[in-house]
Amino acid sequence: MVKANAYSTKIDTAALLEQHTVLVKRIAYHLLARLPASVIVDDLIQSGMIGLLEAANNFDSTKGASFETFAGIRIRGAMLDEIRRGDWTPRSVHKNSRMVSDAIKTLESQLGRDVTDVEVAEKLEISLHEYHIILNEVNAGKIIGIEDLGVSEDILSGDSGTEDNQPYYNMEQVVFKKSLAECISSLPEREALVLSLYYDEELNLREIGQVLDVSESRVSQIHSQAMHRLKARMQSWQN
């Protein structure tokens, strides 16, 4: 009887893996859209399958979350961990990213409002064109996403989480998510829209460009600046 139960569990796990393979591929291609050509999608999928297996082995249906939601977090996390273990981003890109966040934080503290890309460029003492190049390099060369702020992408769906429906998070994380949601809602309209279309609607940069009638490169710049603005405003949580 014990062997039969164990065999049944394996059957269930195998079924879950087969059923959600398409989820792994969807997340892999979504991440790939903002990574350099040197990243191979098969590597992301392989890491994602490991995350899916871990999710299947650890999922507890009594906790209140759906398996797809739980698995999506594990899959995405496994892919990001694999990317970060082999960080191919030049140090200059990391440095420029910190400079942009610091400049935005300083300017918004001084002016008490959203700052424009022109103002940030002037603060950094570079041309607007050079600033846009930095934004594109950061967006393409490093994962700049909601996950880096310590929360999963479902924050953009408007679910700030409670202890009842977010059993995997403690109260501090719930407060953090609420603060992040408030910061997102306070972003300039176009930046908030790009984040919503990218993370919530899962459109890629090209598709967002079609919606906004701008180039894919411009969408990349808007996305990058939005994430730097969020990091600047949420800096107290990252210390």
Side-chain angles (χ1 to χ4, degrees), residues 26-35 69 72-73 75-77 79-80 83-84 89 93 96-98 100-105 107-108 113-120 131-161 166 169 173-238:
R26 177 162 58 85
I27 293 174
Y29 279 101
H30 184 237
L31 286 177
L32 188 70
R34 52 180 168 144
L35 294 170
T69 297
I73 294 172
I75 292 167
R76 189 175 293 107
M79 291 180 184
L80 293 174
I83 292 169
R84 286 163 179 154
T89 308
V93 176
N96 287 339
S97 178
R98 289 192 296 271
V100 170
S101 293
D102 290 344
I104 291 175
K105 180 182 179 182
L107 287 171
E108 292 195 340
R113 59 170 173 79
D114 297 332
V115 292
T116 66
D117 49 0
V118 173
E119 291 170 327
V120 178
Y131 177 59
H132 285 166
I133 289 176
I134 287 175
L135 291 178
N136 281 332
E137 286 178 344
V138 170
N139 215 35
K142 180 178 182 290
I143 291 294
I144 297 288
I146 295 298
E147 309 91 341
D148 291 296
L149 298 177
V151 70
S152 61
E153 293 176 2
D154 60 3
I155 184 66
L156 286 165
S157 66
D159 180 11
S160 61
Q166 293 291 332
Y169 298 96
Q173 290 171 316
V174 171
V175 175
F176 171 84
K177 290 179 71 175
K178 182 178 180 180
S179 297
L180 179 57
E182 291 173 352
C183 280
I184 291 172
S185 65
S186 72
L187 287 174
E189 183 178 357
R190 177 164 285 199
E191 291 181 14
L193 178 58
V194 166
L195 292 189
S196 178
L197 292 174
Y198 190 83
Y199 291 106
D200 192 20
E201 301 300 327
E202 299 192 344
L203 300 184
N204 59 37
L205 300 182
R206 178 183 57 79
E207 292 168 333
I208 296 173
Q210 292 173 347
V211 172
L212 300 182
D213 195 24
V214 298
S215 69
E216 182 175 335
S217 176
R218 181 56 184 150
V219 174
S220 176
Q221 294 161 13
I222 295 170
H223 176 274
S224 183
Q225 182 159 284
M227 291 311 307
H228 282 101
R229 200 186 300 272
L230 281 179
K231 286 196 172 191
R233 296 180 181 182
M234 296 293 295
Q235 200 169 82
S236 62
W237 284 91
Q238 300 170 54

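In plain terms, the two heavy atoms of S101 and A232 that are nearest each other are O-CB, 3.4 Å. The two residues L205 and S220 come nearest to each other via the heavy atoms CD1-CB, 4.1 Å. Considering all non-hydrogen atoms of both residues, L187 and A226 come closest at CD2-O, 4.2 Å. Shown here for S217 and N136, the closest heavy-atom pair between the two residues is OG-ND2, 3.0 Å.
For the pair L212 and V194, the minimum side-chain heavy-atom distance is below 4.5 Å. Looking only at side-chain heavy atoms (C-beta outward), H132 and L135 come within less than 4.5 Å of each other. The side-chain heavy atoms of V100 and Y131, taken from C-beta on, include a pair separated by under 4.5 Å. H30 has its side chain within reach of Y198: a pair of non-hydrogen atoms, C-beta onward, lies under 4.5 Å apart. With contacts defined as side-chain heavy-atom distances shorter than 4.5 Å, the pair L195/L230 qualifies.
Note that CD of Q221 and OG of S215 are 6.5 Å apart. Values are rounded to the nearest 0.5 Å. Note: R76 CZ to L80 CG = 8.0 Å, rounded to the nearest 0.5 Å. Note that the CG atom of L107 and the CZ atom of R113 stand 8.5 Å from one another [nearest 0.5 Å].
Without hydrogens or angle criteria, H228 side chain to S224 main chain gives a donor-acceptor distance under 3.5 Å. Checking side-chain atoms of E191 against main-chain N and O of P188 turns up no donor-acceptor pair under 3.5 Å.
D117 has a carboxylate O that lies under 4.0 Å from a charged side-chain N of R218, or vice versa, which qualifies the two as a salt bridge.
Here E108 pairs with R229, R233 under the salt bridge (charged side-chain N to carboxylate O under 4.0 Å, His left out) rule; sequence neighbours left out. The side-chain contact (heavy atoms from CB on, under 4.5 Å) search around V211 returns L197, L203, not counting sequence neighbours.
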